[in-house]
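First comes the structure, then the notes that go with it.
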Amino acid sequence: MDDGHAAPNQGFDGYREYFVGKRQLQKAQEDQLREVCGARPSIFRGCRVHVNGRTDPDREELRREIVMHGGTFVHYLARPSDATHIVAEHVPTAKRRLWRVCKVVRPAWVLACLRSGKLLPWQPYAAAGTEAAAGIVASAGSPQGPRLTCKDPGFIEDFFAKSRLHHLSTWKAALREKFLDRYLRTNEGALNDLRAPPAHILHVDFDCFFATVSGIKAGYQSKTEVPLAVCHGGSSSDVASCNYAARECGIRNGMWVSKAQELCPNLVCLPYTYDAYETVSNSFYEVLEDLKAFDAVYPISVDEAVCVIDRPLDTLSCQELCIRIRAEVAERTGGCVVSIGCAPSLVLARLALKRAKPDGYLVCVKEPIKGGDTQVVSPAHLFETCTLRDLPGIGRAIAEKLLLGFTGHEHTIAQVSQLFSRSELITRLGSITGAKLADLFQGLDDVESSRMLRNPRAYFARKSLSAEINWGIRFDSVPEIDAFLDRLVQYLVSKINELCMTTSQIVLKIARRSSDAPIEPPKYLGMGDCDSFSKSCQLGLATNNPGVISAEIKAAFRMLSCPAKELRGIAVQFLKLREASTSHMPRQLRLPFSTIKPLETPKNRMKASVTELPPVVYKRATPIKDFFERHKRTSNSPSPDFTHMMSAPALCESFLGELPTDLAEEIRREHRIYQKARSSYLQSSRKKVETGVHGNTSEHILENSEILGPITFQNLTSQEKIKSLVREWISQTLRSDGPNHEDLSLFTSYLDRLISGGPRRLPALLSMARLISDQLRIHESYGDKQSFHEWEEYLVRVVLVRLNRCKQLYTQNVEILFDIYPQIDRP
DNA sequence: TCTAGGAGGGAG
DNA sequence: CATCGCTCCCTCCTAGA
Ligand SMILES: Nc1ccn([C@H]2C[C@H](O)[C@@H](COP(=O)(O)OP(=O)(O)OP(=O)(O)O)O2)c(=O)n1
């Protein structure tokens with residue numbers, strides 16, 4: 001397994017020395033603390049207290065109080081008897097046996113002792129999961145309820161709570177956000193001088209992270225010879241992580257348990273301990289921070305970071321630093337092991353890390369001293385001992401693509417790099433991937449990887465937000481899927497709201513059972529072999545509105561025309577993220593209407609303006625698909641006949657309720673503008689009188705050569721071109737003196753012709769309304785200008801009224817839709 | 001020639 | 001019993017303007 005180049009434990013002596021010094025330092029610190037606070041009562045005299053897991057107050061605070069009040073703090077619990085008391089919120093399942101005889105108390109015990117100034121009996125504060133606690137709290141544990149399926153409301157959360165990949169992604173996103181936050185706030189944590197490539201890069205990664213942490217929780221030594229794997233259960237479950245004893249049998253991360261057990265019948269399966277992974281990860285990043293040895297620490301994942309030192313350092317110091325990091329992390333994490341690769345580039349650091357594992361470190365320098373330390377190697381050495389697949393960004397597919405037609409066995413990087421010139425790489429793999437590989441072959445970082453160092457702001461910025469579930473997806477009907485999509489969108493919307501962002505492009509991606517795949521795949525409730533399909537949709541306005549997004553997503557699902565029973569996976573993505581403006585923030589409109597009295601009679605309500613129109617209800621059966629196809633066409637291309645939709649058997653939803661962009665939402669939006677417009681209306685008319693400004697003095701932009709006929713505007717037939725023109729028109733007139741009255745009436749007549757075109761013209765009308773309101777939003781800074789008020793008024797009094805009328809015409813849900821009332825006066 | 005959508009890939 | 005196959009990002013390819 002190990003060829004001696006990265007012999008484990010070589011630095012052990014340094015390790016032990018380090019610890020002796022470390023303990024003395026801690027003791028000295030504690031003594032000093034006591035001296036300073038000499039007057040405090042020695043409540044915890046004789047107590048040796050260990051704090052386990054996440055606590056409130058946190059570990060550091062508890063430690064301070066315990067030490068200041070005469071106790072001893074046990075940093076690392078080698079044996080249960082090392083401590084007289086263990087402080088924890090609850091006892092991890094894995095520790096129940098081991099700690100059965102311990103006094104495991106909640107942090108509240110410490111606080112209560114402090115308050116009363118004396119040592120209190122611990123039993124009333126016994127932590128959940130101890131036998132003592134079981135005597136006090138009558139079995140508050142919530143045993144597994146009925147298993148949830150994808151049709152149940154709680155499924156998504158339930159699934160995510162157990163999904164390792166979800167945790168991995170969530171942690172990573174949080175770490176990136178935290179990094180960026182700090183960087184933007186303080187300009188700290190990243191490199192400042194980017195002129196030259198940094199001197200030393202240390203890639204630090206836990207050995208078999210989950211396996212080690214779960215192992216320790218279950219009472220195993222971190223370097224145990226017992227083969228361990230972390231997995232959920234039975235035979236078709238994934239091995240998330242296996243320790244190095246298990247790897248000697250050929251077991252690998254991601255392998256199925258059945259295969260793993262074939263390779264190693266003694267394999268011990270351990271449960272996931274997500275809380276513990278998080279705790280260890282926190283300690284890990286704290287250590288890197290506390291060492292104060294780096295110019296930058298970049299998060300890679302929950303168990304992995306890249307640390308950079310941007311000043312010259314001799315090889316010996318690099319080695320010492322590696323030893324120090326490894327010792328410190330082990331100390332602070334109850335014995336977890338990190339390995340480290342140190343090199344002048346990201347790629348070499350990665351390869352060095354690979355060779356350093358398990359339980360070691362490796363420093364790569366251009367010209368190592370011959371016959372020197374085995375922990376110091378040259379780039380050439382790494383290339384001779386690592387394979388193509390070890391290079392970052394080179395996975396199975398790319399490796400196969402590159403080596404297609406070459407003899408099949410494993411290749412070292414040194415060998416493969418001899419086979420291809422830069423241009424051959426580019427021919428085979430594409431311009432960017434080819435060039436990248438050529439760089440990697442020279443030990444240089446490609447452009448993309450170096451972005452992390454060169455432009456962390458862009459590199460760490462979030463560009464999308466998505467959620468997907470490809471397990472347990474088994475539906476019988478489309479309404480069930482609709483309900484699921486609603487929940488998934490709701491889930492994402494709450495995330496995007498936490499981020500204070502909006503999206504203007506959304507994507508639905510589905511996995512559909514391959515025609516040759518069995519109905520039920522080998523993996524229980526797995527997706528099996530699937531074909532994947534995706535459909536993206538641009539939203540006219542950036543939004544965070546679940547109704548709008550949900551409608552789009554459900555429409556997109558119909559476009560992909562996947563039979564409900566064939567669906568095996570669902571993903572929803574939000575792209576084109578922007579910071580939310582205040583108008584996207586919590587909606588006052590949504591407050592429960594019934595509980596709040598309207599201030600005025602329906603006079604304020606939009607329905608007042610349209611009551612004279614008889615409601616005409618169109619129902620439709622054929623899918624939204626037709627709508628989209630129509631939507632794509634320009635206005636002069638033949639549109640499909642709309643009537644077939646009305647004659648078909650009714651669906652329960654109204655036509656408008658199913659429009660990809662929910663008209664109701666649109667109108668709610670406009671209603672707010674209406675409020676604003678109303679309040680500014682008087683002002684603006686007053687101004688007009690004062691200054692003698694009249695609309696007709698505006699520059700006349702539109703040609704008055706309108707030919708009445710099949711819905712054209714300014715002789716344009718293409719909807720896109722019309723929109724362009726109108727956009728330009730609005731934008732220009734907003735900047736200057738507002739729209740010319742004649743232009744406005746030409747435009748109004750165009751809108752009226754759209755309306756008389758029937759429901760099939762509704763999208764065009766809607767998109768015009770959206771366009772105007774979009775322009776107003778874009779030019780919000782002109783909010784005080786006369787021109788702005790004029791457009792706003794036009795939107796509200798002309799466009800909105802027409803839209804409103806159509807709504808009356810084409811939907812049955814008039815009451816619900818228009819019974820909105822902005823609760824602006826609510827305290 | 002450029003763009004956008006969609007497919008695919010990699011990492012952890 | 002099972003099992004929890006996510007999520008981000010980049011790159012490539014191709015159809016259509
Ligand atoms: N297919 C995978 C790969 C990884 N992980 C999780 C479990 C790992 O513990 C953790 C870190 O991934 P690593 O690639 O760093 O793998 P390990 O830490 O397990 O092993 P190694 O020593 O090779 O780094 O991510 C996972 O659940 N499924």
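All chains are named by letter (A, B, ...) in the order of the sequence lines, taking the proteins before the strands, and each is independently numbered beginning at 1.
- A ring-centre distance under 6.0 Å is found for A:His232 and A:Tyr272.
- Shown here are the ring-ring contact (aromatic ring centres under 6.0 Å, His included) partners of A:Trp256, two or more places apart in sequence or in another chain: there are none.
- Each of C:dC9, B:dG5, C:dT7 was ranked by its minimum atom distance to the side chain of A:Ser536; first place goes to B:dG5.
- Between the CG atom of A:Asn470 and the C1' atom of C:dC8 there is a distance of 15 Å, rounded to whole Å.
- Listed nucleotides: B:dG6, C:dC4, C:dA2. Nearest to the side chain of A:Tyr524: C:dA2.
- In this structure, A:Trp471 and A:Phe159 have parallel ring planes: the angle between them is below the 30° cut-off, well short of the 60° mark.
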Verdict with reasoning, A:Lys151 to A:Asp476, per salt bridge (Lys or Arg N to Asp or Glu O under 4.0 Å): CA-CA 10 Å; A:Lys151 300 176 188 178; A:Asp476 292 307; 2.6 Å; yes

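- Counting to the nearest Å, the C1' atom of C:dT3 and the CZ atom of A:Phe160 are 15 Å from each other.
- Atom-to-atom, NE2 of A:His232 to P of C:dC1 comes out at 16 Å; the value is rounded to the nearest Å.
- Looking at residues two or more places apart in sequence or on another chain, you find a ring-ring contact (aromatic ring centres under 6.0 Å, His included) between A:Phe160 and A:His166, A:Tyr491.
- A:Leu175 has its CG atom 16 Å from the P atom of C:dT7, to the nearest Å.
- Protein atom CG of A:Asn455 is 14 Å distant from nucleotide atom P of C:dC9, rounded to whole Å.
- Toward the 5' end of DNA chain C, the nearer of the two residues A:Ala461 and A:Tyr274, judged by each one's closest nucleotide, is A:Tyr274.
- The CZ-P distance, from A:Phe210 to C:dC6, rounds to 14 Å in whole Å.
- For residues 493-519 of chain A, the set of pairs meeting the ring-ring contact (aromatic ring centres under 6.0 Å, His included) definition, not counting sequence neighbours, is empty.
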Nucleic acid footprint by protein, nucleotides 7-12 of chain B - heavy-atom cut-off 4.0 Å, B for base, S for sugar-phosphate alone: S-SSSB

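- By the ring-ring contact (aromatic ring centres under 6.0 Å, His included) test, A:Phe420 is found to be paired with A:Phe406, residues two or more places apart in sequence or in another chain being considered.
- The distance between atom CD1 of A:Ile156 and atom P of C:dC4, rounded to the nearest whole Å, is 18 Å.
- Among all heavy-atom pairs drawn from A:Pro521 and A:Gly528, the shortest one is CB-CA, 3.5 Å.
- Note on A:Ala435: nothing from the nucleic acid sits closer than 4.0 angstrom, heavy atoms only.
- Here A:Tyr524 pairs with nothing under the ring-ring contact (aromatic ring centres under 6.0 Å, His included) rule; sequence neighbours left out.
- Axis angle, first five pairs versus last five pairs of the helix from B:dT1-C:dA17 to B:dG12-C:dC6: 10°, rounded to 10°.
- Considering only side-chain N and O atoms, A:Ser163 lies nowhere under 4.0 angstrom from the phosphate OP1 or OP2 of C:dC6.
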Distances for protein N/O vs nucleotides 2-4 of chain B N/O pairs under 3.5 angstrom?
none

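- For the pair A:Glu424 and A:Arg428, the salt-bridge criterion is not met [side-chain N within less than 4.0 Å of a carboxylate O].
- For A:Asp359 and A:Arg326, the salt-bridge test passes: some basic side-chain N is under 4.0 Å from an acidic carboxylate O.
- Backbone-only engagement by A:Ala467 is indicated by non-hydrogen atom pairs under 4.0 Å involving sugar-phosphate atoms exclusively.
- For the pair A:Ser236 and C:dT3, the criterion of a side-chain N or O lying under 4.0 Å from OP1 or OP2 is met.
- The aromatic rings of A:Phe206 and A:Phe209 are tilted relative to each other, their planes meeting at an angle between 30° and 60°.
- Using a 4.0 Å cut-off between charged side-chain N and carboxylate O, A:Arg164 and A:Asp238 make a salt bridge.
- Salt bridge A:Asp531/A:Arg512: absent, no basic N to carboxylate O contact under 4.0 Å.
- At least one side-chain nitrogen or oxygen of A:Arg164 sits closer than 4.0 Å to the OP1 or OP2 atom of C:dG5.
- Taking the C1' atom of each, B:dG9 and C:dG5 are spaced 16 Å apart, rounded to whole Å.
- Between A:Thr170 and C:dC6 there is no side-chain polar atom (N or O) within less than 4.0 angstrom of OP1 or OP2.
- For A:His166, a side-chain nitrogen or oxygen approaches OP1 or OP2 of C:dT7 to under 4.0 Å.
- By the neighbour-count criterion of 12 heavy atoms within 6.0 Å, atom CZ of A:Arg422 is densely surrounded, having more than that number from other residues, nucleotides or ligands.
- As a whole-Å value, the separation of A:Lys523 NZ from C:dC4 C1' is 8 Å.
- Between A:Trp471 and A:Tyr491, the residue anchored closer to the 5' end of DNA chain C is A:Trp471, taking for each the nucleotide with the nearest heavy atom.
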Where protein sits on nucleotides 10-17 of chain C, one letter per nucleotide: B base, S sugar-phosphate only, - none, heavy atoms under 4.0 Å: SSS-----

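- Of the residues in residues 565-575 of chain A, not one places a heavy atom less than 4.0 Å from an atom of DNA chain C.
- By the side-chain hydrogen bond (donor to acceptor under 3.5 Å, both in side chains) test, A:Ser423 pairs with A:Ser421, sequence neighbours left out.
- Using a cutoff of 4.0 Å between basic side-chain nitrogens and carboxylate oxygens, A:Asp152 and A:Arg147 are not scored as salt-bridged.
- Residue pairs satisfying the ring-ring contact (aromatic ring centres under 6.0 Å, His included) criterion with at least one member in residues 446-468 of chain A, sequence neighbours excluded, are listed as follows: A:Phe179-A:Phe460.
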